[in-house]
Every structure is written in structure tokens, then in C-alpha cells.
Amino acid sequence: MIKSVIKGYGYYVPENVVTNDDLSKLMTTNDEWITERTGIKERRHRKNRNDSEETTAFLAKKAAEKALEKANLTAKDLDFIVFATLSPDYFFPGSGVVLQEMLGCDTIGALDVRNQCSGFVYSMSVADAFIKAGTYKNILVVGAEVHSFGLDFTDDGRGVSVIFGDGAGAIILSASEDENEEGVLAVNMHSEGKYAEELAVKFPGTKLGWMDRVLYEPEAVERQDIYPVMNGNFVFKHAVSRFPETMMEALTKAGKTPEDLDMFIPHQANLRIAQFVQQKFGLPDEKIFNNIQKYGNTTAASIPIALCEALDQGKIKKGDLVLLSAFGSGFTWGSVLFRY
């Protein structure tokens, strides 16, 4: 039976560190306020918000090159790309094709996934299905974001802008028939679109129009339409409900229990959410990995970056049972359970 296993991994974040104190010089906030509500101490932003070189696809390329090296593969060995992002290089085309060109791949398919915070688990689920169907053998799965170009660094946007950071993470998911490898054991994906506007960027989009407004009614385009808006308490309430559901669904499908887990990596949205889930499942500190403190919320990139760091630090070893879970805008949520 064909299984999908992680053969390589890599991540990349910009060098520019932005601390809470740095943000306090741009808006009315402070380190204590941000840390208490989110757990975040710093995040990475590209140095120039208008940089046309350090794009989302560029960050993804850096992460992908590391993943390929660890997998002992080249770009020519890739059969497909699944690219998760909410901050693409262009409105269209998607960043997947840009990455395909940057890496020098053959004319392989490239699929962009627009599921925001749950983008990486959705992308990994799609790649897993392709591999188990026998369609592809080596798939690059990447989550990458450049949030800093599109955040409101004024008092109007401080509730959202302090949360997000830039970065990219990638894995190579490959087909295996090795009896000693289990790979991906269970996946699930869910959505509840009636809450779409509780966490959203509304413009540009066909709901609000685009070109006519920009050209003829620029005064009608409001700040809250251009920048991310979030009903923080509402999102938190739903996240702490959906996280346990998707986690148990994956574990039950594979015939496992929370006690069987060796590592749980949640989407890095808010440290308080992760702590709530940890307490609910009774997970010891060594079985949950958080790095939101130093990277903030990198949405689609947060899980792969955390996964890479956990692996690099030896907190995930060969044969460990690992669960990835995410919840975010849409609302969308889901999980991937795998044996590393």
C-alpha cells in the first residue's frame, strides 16, 4: 500500500526582528499588553514593506531549497507543488507557479490553497490524497506569508497588526511502500462560511468591487475594508471549540488516543488557545510545541515553521506520532496525524 511520508523539511524567516517595543513606537501599545493577550514577544518582517524582491514566493523558495536538500532531491524530482498563502505575490496568478519558476522545476502542476491559517493542513491533506491515489510521488507542500506589507500600523489596526509576522515553511511529501514507514494516518478538513466576515480582508474582492471604486470612488474605500479585520473574542471562542473536535476526529480515525501522541503542533494563532488545548487534553509541556513568542502568527507558514523547528531541536524523532491542527478565517479548520 502506498503511504505518504515526510522526506524533507525546511523553513525561512526574514532577518529583520520586530519586537513589541518596536511596534509601540508606531502605535499606542506596549509589550505587556501584547504579551498578555497573545504570548507574542517578537516577529519577523521583511525590512522594506514595499520590497519587490523578498516576496512570498521568495520566502517559499528559501524554505523549499532546504527541504529538497534534506530529502536529497532536486527541483527536477518534484511532481507537484501545493502552495498555501493568503498573501500571494500577485492577485493572480498564484504564487505556486512563481515558485515553480524560481526553483527551476519541470512544467509540473502548481496548486494554490487559500485557506489562511488552516492552509497548510489543507495543503498537506491534498498532497496526501494525490500520493495515495498514485498520481504523484514527490510533492512540495509549502506555507508562506508576507503579512507586513498589508497591515495597518496605526492605532486603528493595532488589535490585528501586532499579531502577524512573515515567514515560510515547507516539506517534501513522498510516496513510500516501505513496511517500516506509516506516514500520514488521518486527515480532516472542515469549514463554516457563515462566519466569513468575522476574520477577513474584504478588498479587493467582487463583493465590494475593485477597479471602479479605485478609479472613481476612492473615498468610498474604507480602511476597515483594505486591512484585516478580526472579531477577536468571537474567533477565540470558536477556535477553542473546534480545535479539540478536529484533534479527536483525527486520533479516533487512526485508532489513537491523546495519550499516544508524542508531539502536538497547533497553528500558532494565540498562545492562550494552545495553552487551553494543552490543558484540555492533559498534554505535558514536552508534547506540545509553540514558537509564536518569537515569530507571531504566520498563518499558513506557522505549522510548517514550528514543525521544522521541533525536528531541528530533536523534539520529534523517527517513529513519533505527531498531530498538526489549525483553525482560522473562513472559518476553516482541520488536522493531519502522521507517524514521522
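- Follow the hydrophobic side-chain contacts under 4.5 Å out from Val13 and you never reach Leu311; the two are in separate clusters.
- The structure places NE2 of His190 at 8.0 Å from OH of Tyr122, a figure rounded to the nearest 0.5 Å.
- Of the possible donor and acceptor atoms, none in the side chain of Gln116 sits under 3.5 Å from a partner among the backbone N and O of Ala300.
- Heavy atoms of other residues, nucleotides or ligands lying less than 6.0 angstrom from CG of Asn233 number 12 at most.
- Taking CG of Asn297 as the reference point, atom OG1 of Thr38 lies at 9.5 Å (rounded to 0.5 Å).
- Arg46 contributes no side-chain N or O that, together with a main-chain N or O of Phe149, makes up a donor-acceptor pair within less than 3.5 Å.
- Side-chain contact check for His147 and Thr299: at least one donor-acceptor pair (N or O, by modelled atom type) lies under 3.5 Å.
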| query | Stepwise, does the side-chain hydrogen bond (donor to acceptor under 3.5 Å, both in side chains) test hold for Ser87 with Glu145? | reply | CA-CA 6 Å; Ser87 52; Glu145 306 287 3; 2.6 Å; yes

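- The closest side-chain donor-acceptor pair between Thr28 and Asp155 falls under 3.5 angstrom.
- Residue Ala168 comes nearest to Ala63 through the heavy atom pair O-CB, 3.8 Å, listed as atom of the first residue, atom of the second, then distance.
- Side chains of Arg43 and Asn16: no donor on one and acceptor on the other come within 3.5 Å.
- Contact detail for Ser335 and Ala250: the closest heavy-atom pair is CB-CB, 4.0 Å.
- A donor-acceptor pair under 3.5 Å is absent between the side-chain atoms of Arg339 and the main chain of Glu182, judged by distance alone.
- Partner Ser95 forms a side chain to side chain donor-acceptor pair (under 3.5 Å) with one of Thr55, Asp89, Asp112 and no other, that one being Asp89.
- Remark: the backbone N or O of Glu249 is not paired with any side-chain donor or acceptor of Thr252 at under 3.5 angstrom.
- The six-membered or imidazole ring of Phe153 lies near that of His45, with a centre-to-centre distance under 6.0 Å.
- Using a 4.5 Å cut-off on side-chain heavy atoms (C-beta onward), Leu78 and Leu68 make contact.
- Using modelled atom types, one finds a donor on one side chain and an acceptor on the other under 3.5 Å when comparing Thr74 with Asp77.
- Under 4.0 Å is where a charged nitrogen must lie from a carboxylate oxygen, and between Lys287 and Asp262 no such pair does.
- Counting heavy-atom neighbours within 6.0 Å of Gln279 CD, excluding the residue itself, gives a total of 12 or less.
- Linking Ile, Leu, Val, Met, Phe, Trp and Tyr whenever their side-chain heavy atoms come within less than 4.5 Å puts Val336 and Phe130 in one cluster.
- Heavy atoms from other residues, nucleotides or ligands lying under 6.0 Å from CD of Glu69 number 12 at most.
- In this structure, Met247 and Val277 have side chains that are in contact, with non-hydrogen atoms separated by less than 4.5 Å.
- Residues Phe264 and Phe281 keep their aromatic ring centres 6.0 Å or farther apart.
- Between Gly143 and Ala301, the closest heavy-atom pair is O-CB, 3.3 Å.
- A donor-acceptor contact shorter than 3.5 Å links the side chain of Gln278 to the backbone of Leu283.
- Checking side-chain atoms of Asn20 against main-chain N and O of Ile40 turns up a donor-acceptor pair under 3.5 Å.
- Side chain of Glu198 to main chain of Asn231: no donor-acceptor pair is present (N/O by atom type, distance under 3.5 Å, no hydrogens or angles).
- Looking at Ser118, its side chain never comes within 3.5 Å of a backbone N or O of Gly334 through a donor-acceptor pair.
- Using a 4.0 Å cut-off between a side-chain N of Lys or Arg and a carboxylate O of Asp or Glu, Lys7 and Glu181 qualify as a salt bridge.
- Inspection of the Asp128 and Ser125 side chains reveals no N or O donor paired with an N or O acceptor under 3.5 Å.
- A donor-acceptor distance shorter than 3.5 angstrom exists from the side chain of Asn30 to the backbone of Trp33, with no hydrogens or angles considered.
- Using bins of under 30°, 30° to 60° and over 60° for the plane-to-plane angle, the ring pair Phe327/Phe243 lands in the tilted bin.
- The cluster map of Ile, Leu, Val, Met, Phe, Trp and Tyr, joined by side-chain heavy atoms under 4.5 Å apart, puts Leu140 and Ile6 in different clusters.
- Side-chain contact between Ile131 and Ile2: present, with at least one pair of heavy atoms (C-beta onward) separated by less than 4.5 Å.
- A donor and an acceptor atom, one from each side chain of Thr19 and Glu42, are nowhere located under 3.5 Å apart.
- A search for side chain to side chain contact (heavy atoms under 4.5 Å, CB included) contacts involving Ala110 returns Ile81, Val97, not counting sequence neighbours.
- Between Ala57 and Leu99, the shortest heavy-atom distance links the atoms O-CD1, 4.0 Å.
- Summarising the geometry of Ser148 relative to Asp166, their closest heavy-atom pair is OG-OD2, 2.6 Å, with the distance given to 0.1 Å.
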| task | Evaluate the side chain to side chain contact (heavy atoms under 4.5 Å, CB included) criterion for residues Lys202 and Lys207: first the C-alpha distance (whole Å), next the side-chain angles of each, then the deciding distance (0.1 Å), finally the verdict. | result | CA-CA 8 Å; Lys202 301 177 183 179; Lys207 185 176 176 65; over 6 Å; no

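- Without hydrogens or angle criteria, Asp178 side chain to Asn180 main chain gives a donor-acceptor distance under 3.5 Å.
- Ring-plane geometry between Phe58 and Tyr12 is classed as perpendicular, the angle between the planes exceeding 60 degrees on a 0 to 90 degree scale with a lower cut at 30.
- Side-chain contact between Met263 and Ile265 is present, with heavy atoms from C-beta onward closer than 4.5 Å.
- Side chain to side chain, Glu309 and Tyr11 meet the donor-acceptor criterion of an N or O pair below 3.5 Å.
- With respect to the salt-bridge test (charged N to carboxylate O, under 4.0 angstrom), the residues Glu54 and Lys47 do not qualify.
- Heavy-atom neighbours of Asn72 CG from other residues, nucleotides or ligands within 6.0 Å: at or below the threshold of 12.
- Taking every heavy atom of both residues into account, Ser161 and Leu151 meet most closely at OG-CB, 3.5 Å.
- Geometrically, Lys66 does not engage Tyr9 in a cation-pi contact, judged by NZ or CZ lying under 6.0 Å from the ring centre and within 45° of the ring axis.
- For the pairing with Asn270, the side chain to side chain contact (heavy atoms under 4.5 Å, CB included) check across Gln268, Arg272, His267 returns one residue only, Arg272.
- With Tyr340 as the aromatic partner, Lys318 meets the cation-pi criteria of under 6.0 angstrom to the ring centre and within 45 degrees of the ring axis.
- Hydrophobic clustering, with ILVMFWY side chains joined whenever heavy atoms are under 4.5 angstrom apart, keeps Val142 apart from Met189.
- With respect to Glu177 and Lys3, no salt bridge is recorded, no charged nitrogen being found less than 4.0 Å from a carboxylate O.
- No more than 12 heavy atoms of other residues, nucleotides or ligands lie within 6.0 Å of CD in Glu179, so this atom counts as exposed by the packing criterion.
- When the shell of 6.0 Å around OH of Tyr90 is examined, it contains 12 or fewer heavy atoms from other residues, nucleotides or ligands.
- Environment of CD in Gln275: crowded, with over 12 heavy atoms of neighbouring residues, nucleotides or ligands closer than 6.0 Å.
- Taking hydrophobic clusters as Ile, Leu, Val, Met, Phe, Trp and Tyr residues chained together by side-chain heavy-atom distances below 4.5 Å, Phe83 does not share a cluster with Ile139.
- Under a cut-off of 6.0 angstrom, the local environment of NZ in Lys132 is crowded, with over 12 non-hydrogen atoms contributed by other residues, nucleotides or ligands.
- With no hydrogens or angles considered, no side-chain donor-acceptor pair links Ser24 and Asp21 at under 3.5 Å.
- Using a 4.5 Å heavy-atom threshold, the side chains of Lys253 and Asn188 count as separate.
- With rounding to the nearest 0.5 Å, the separation of NZ in Lys70 from SG in Cys308 is 7.5 Å.
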